[in-house]
Amino acid sequence: MLELKDVHTYYGNIHALKGISLKVEKGEIVTLIGSNGAGKSTTLRTIQGINRPRSGSILLEGEALEKLPPHEIALRGVAQSPEGRMIFPRMTVMENLEMGAYARKDKSGFDEDLERVFNLFPRLKERINQKGGTLSGGEQQMLAMGRALMARPRILLLDEPSMGLSPILVELIFEIIQTINKEGTTILLVEQNALMALSIANRGYVIQTGEIVLTDTASKLKANEMVRKSYLGIE
Amino acid sequence: MNENIKSGITFGLIGGLLTFLFGGWSVGVLGVLMGIGLGLALGPRFNPRDGWMSLAKQALPAAAASGAILLVLSLLQNYVIDPAIGQNFEDLDVVIPANLVGVVGGILFTCIVTALHGLSEEWERKGKIILLGLVILAFPFVDKFTELRWTAQIIFALIFVILGLGLNIVVGYAGLLDLGYAAFFAIGAYTTGILSSPQHNIFLNFWLVIWIAAGVGAIFGLILGAPTLPLRGDYLAIVTLGFGEIVPVLFRNLIDVTIKEPLTCWILPLFKIQTACITFMSHEDLTAGEKGINPVGRPILPIIKLNEAMGIELVIKIAVLLVALALITFLYIRIWRNGNRKVGSVASYAAIVAAILIVFLPIPRTRVAVFDNVLGIIQPGEFQSDNPIPWYFLIIAIILLSIFLINRLRESRLGRAWMAIREDELAAAQMGIDPVRTKLLAFAMGATFSGFAGAFYAAYIRGIFPSVFDFSASIIILCCVILGGIGNINGVIVGGLALMTADRLFLPALKDFLKGLLDHTVLPALSSNPTLQAAVGQNANPILYRFLLFGLTLVIMMSVRPEGLVPSAQRRMELHAGEESGGTPVAAK
């Protein structure tokens with residue numbers, strides 16, 4: 001479904017992605033794990049069109065994305081729940097969700113998706129008229145994910161959904177990610193919390209200083225000695 | 001002391017002190033206006049369940065306090081202030097009715113407006129709209145009757161209200177700080193000037209020109225908006241500042257314009273091909289530079305000759321217009337009620353076109369005296385300088401149209417996109433919003449409304465001069481928006497009215513008042529010290545301190561009430577979130 005082929009991205013002179021190739025098949029959860037500064041978020045930003053790859057190609061079901069501006073990529077069904085959430089702080093929860101569905105024009109589909117989001121995140125329904133900026137961190141994460149789902153994306157990019165959340169909330173969020181996936185959304189998940197990510201993903205990629213160093217099924221990665229040492233903290 | 005009575009005294013004091021400046025009938029008008037204001041302030045303090053009768057009674061003490069203060073100050077004005085500033089005591093047949101209207105009307109209106117709060121929410125809203133409508137409708141006639149001559153100045157304030165509404169789209173909705181908005185005002189005004197003046201011997205009808213001006217404004221909004229697209233925040237503001245400076249300079253210097261077609265004049269001769277050079281424009285004076293364009297054409301309408309028409313003619317004229325209006329309204333409602341939207345909209349466009357044709361087509365002469373007389377009555381007449389009433393209603397109509405359009409815009413997808421861009425451009429792009437298109441449209445839409453304002457201004461002043469549109473104009477428009485409350489239509493209207501009436505009405509009146517006071521009371525008392533006398537005499541002109549006072553107002557506003565006089569709910573929440581929850585507002589990033 002989504003394929004990156006030898007993608008190189010630079011920040012000025014800094015070579016951030018040194019030839020990333022990865023593939024997400026339809027219906028999968030694929031996780032990209034790695035330490036701080038390895039290039040996880042840059043990979044997502046490159047897919048989103050916020051950073052431009054200097055070379056390489058990004059294909060969404062065969063269509064090249066790498067030359068499109070961010071809003072065009074969003075219109076093609078790539079939704080992101082970004083790092084730091086980036087919700088609209090002065091809009092209400094409802095308005096945020098409406099913005100998520102901005103690209104769509106079908107009213108009936110909107111109501112259906114709204115119900116789906118409220119089923120996934122009952123907390124959002126309780127806070128429907130509250131301003132985004134006044135929500136707690138966990139609620140903001142839910143809102144960011146709900147907003148991304150409102151676009152009924154073909155692929156959902158999740159950037160550090162566990163960041164800054166309490167362990168209980170992290171578990172809840174990961175359960176919801178699994179539910180979203182079972183309902184048919186393909187997911188590319190970027191996480192520092194490698195243990196959680198690998199326990200729900202089908203496959204995983206390990207990224208180190210801008211390069212993919214390892215790829216396998218999630219269960220095999222979990223058993224891999226290097227991964228266990230570096231990312232799971234298990235000797 | 002009771003909180004309500006305090007408010008009553010405050011309003012009475014404001015009204016009473018203003019009568020010092022304006023004198024004459026002003027106490028009547030101010031009394032009623034302050035009464036309405038006091039009613040609006042008191043209403044929400046009472047429990048609406050008490051019923052409207054009880055609310056009116058509860059408002060009575062405050063209203064009476066306000067009226068008493070007003071009466072005391074007004075009498076003080078008549079018997080102490082007037083002699084002190086060298087004015088003759090006004091006739092008792094002005095003083096008595098004016099005070100009576102001010103005090104009784106003020107109390108009455110306080111109670112009525114307060115009582116509105118006791119009605120159901122829907123009726124309260126309707127009642128307020130009807131009341132506001134009546135005030136707006138009655139104002140120019142009352143003004144004419146009482147010889148206060150405020151209307152002409154209020155019209156200037158209303159021009160700035162439209163400008164504020166337009167700027168509010170750019171700054172308030174889309175969050176793009178524009179420091180050169182007067183450039184679009186100038187473009188609207190100059191478009192009107194060029195297309196309806198002897199400057200180029202083009203005399204297009206004002207009703208056509210105003211739309212062209214809006215369109216040209218929108219196009220320039222796109223052109224000037226384009227270079228600012230990659231910029232954000234401060235950088236954007238600086239670029240718009242540059243445009244604001246460039247445009248008036250350009251208009252100042254477009255006095256000798258030659259436009260040649262480049263291919264035939266320069267490029268082909270380079271290749272030694274001899275062609276006739278095509279010149280589009282040769283040494284044209286487009287804008288008359290510093291002299292300005294003068295006179296600019298004025299709007300025409302059939303009802304304008306009301307003053308000239310006498311007796312039976314007047315009656316027929318009004319009757320014809322009312323019947324035509326009723327017919328159009330009836331058809332319009334009838335067709336919309338039937339639910340066929342398509343037919344409805346076609347019919348309403350047809351009705352509008354028909355109305356325009358009826359109003360503006362010259363009426364043919366028939367050679368039959370009776371017909372000619374009847375038709376002659378509805379022959380259009382021109383708006384005149386000495387009668388501000390038609391201008392007043394024209395600008396009110398433009399404002400109502402603008403409010404309608406802006407409300408529709410704000411609720412539309414585009415409006416949503418503006419808000420999202422203002423909040424977070426990157427996140428907005430991830431929702432599928434095209435930031436380039438959205439921002440350009442904000443500039444274009446904002447400029448459209450300044451096109452309206454510019455066209456009206458040019459016609460009203462009858463001339464345009466480049467100095468009007470300099471940086472200070474941009475800043476004043478921005479001040480109107482900030483003072484009233486960024487992002488809120490009602491706030492912008494209040495801000496524009498407050499700031500511009502202060503500038504156009506209050507300061508000149510204060511100047512006359514101070515001058516009178518100095519010449520008749522203070523300066524003779526200082527005759528022993530000629531240096532001090534001269535210093536006081538020269539500096540006591542508040543108009544000199546206009547910008548100081550503007551600045552001071554802004555500084556005080558920003559520190560006391562940063563969300564503006566009538567803030568949008570969103571901004572109030574954002575700026576005071578910390579106070580309510582006892583912590584700092586939660587930032588999302």
Side-chain angles (χ1 to χ4, degrees), chain A residues 44-45 47-51 68-105 129-137 139-141 143-144 147-153 156-157 159 164, chain B residues 171-175 229-230 232 410-441 485-488 562-564 567-589:
Chain A
L44 288 197
R45 289 170 66 91
I47 298 171
Q48 280 276 303
I50 299 165
N51 293 99
L68 295 175
H71 70 273
E72 289 285 347
I73 294 173
L75 290 177
R76 279 166 177 71
V78 180
Q80 176 165 20
S81 161
E83 188 181 13
R85 291 137 203 168
M86 280 165 73
I87 55 159
F88 299 112
R90 295 190 292 186
M91 292 188 183
T92 63
V93 167
M94 187 64 192
E95 285 167 339
N96 264 283
L97 293 175
E98 281 170 2
M99 285 316 303
Y102 183 85
R104 298 178 34 197
K105 284 167 184 136
N129 287 318
Q130 204 172 317
K131 302 282 170 185
T134 63
L135 297 177
S136 73
E139 288 161 350
Q140 288 192 7
Q141 183 61 55
L143 181 56
R147 188 182 62 180
L149 284 176
M150 287 305 292
R152 198 178 283 185
L156 177 62
L157 313 180
D159 198 352
Chain B
V171 180
Y173 293 166
L229 286 176
R232 279 178 208 185
R410 199 191 44 172
E411 299 299 325
S412 70
R413 278 169 66 78
L414 182 59
R416 288 293 167 99
W418 284 335
M419 315 277 174
I421 289 275
R422 180 188 68 193
E423 298 276 290
D424 190 328
E425 199 175 320
L426 202 57
Q430 289 179 359
M431 304 295 114
I433 294 168
D434 183 349
V436 171
R437 189 172 158 273
T438 309
K439 284 172 159 183
L440 277 181
L441 279 173
I486 271 185
N488 183 356
E563 68 272 32
S568 66
Q570 246 172 26
R571 276 198 94 78
R572 182 166 27 202
M573 188 222 67
E574 177 197 341
L575 284 160
H576 290 286
E579 291 160 28
E580 276 151 30
S581 62
T584 47
V586 186
K589 283 198 209 170

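Pairing each heavy atom of A:His71 with each of B:Pro435, the nearest pair is ND1-CD, 3.7 Å. The two residues B:Ala429 and A:Ala74 have their closest heavy-atom pair at O-CB, 3.8 Å.
Atom CG of B:Leu426 and atom CD of A:Gln80 lie 8.5 Å apart (nearest 0.5 Å). To the nearest 0.5 Å, atom CD of residue B:Gln430 and atom OH of residue A:Tyr102 are 15.5 Å apart.
Heavy-atom distances place the side chain of A:Arg147, and not its backbone, under 4.5 Å from chain B.
Under the 3.5 Å distance criterion, the side-chain polar atoms of B:Glu423 are matched with a main-chain donor or acceptor of A:Arg90.
Atom CZ of B:Arg437 has 12 or fewer neighbouring heavy atoms from other residues, nucleotides or ligands inside a 6.0 Å radius.
For A:Glu98, the salt bridge (charged side-chain N to carboxylate O under 4.0 Å, His left out) test picks out B:Arg416, with sequence neighbours left out. Partners of A:Ser136 according to the side-chain hydrogen bond (donor to acceptor under 3.5 Å, both in side chains) rule, which considers only residues two or more places apart in sequence or in another chain, are A:Glu139.
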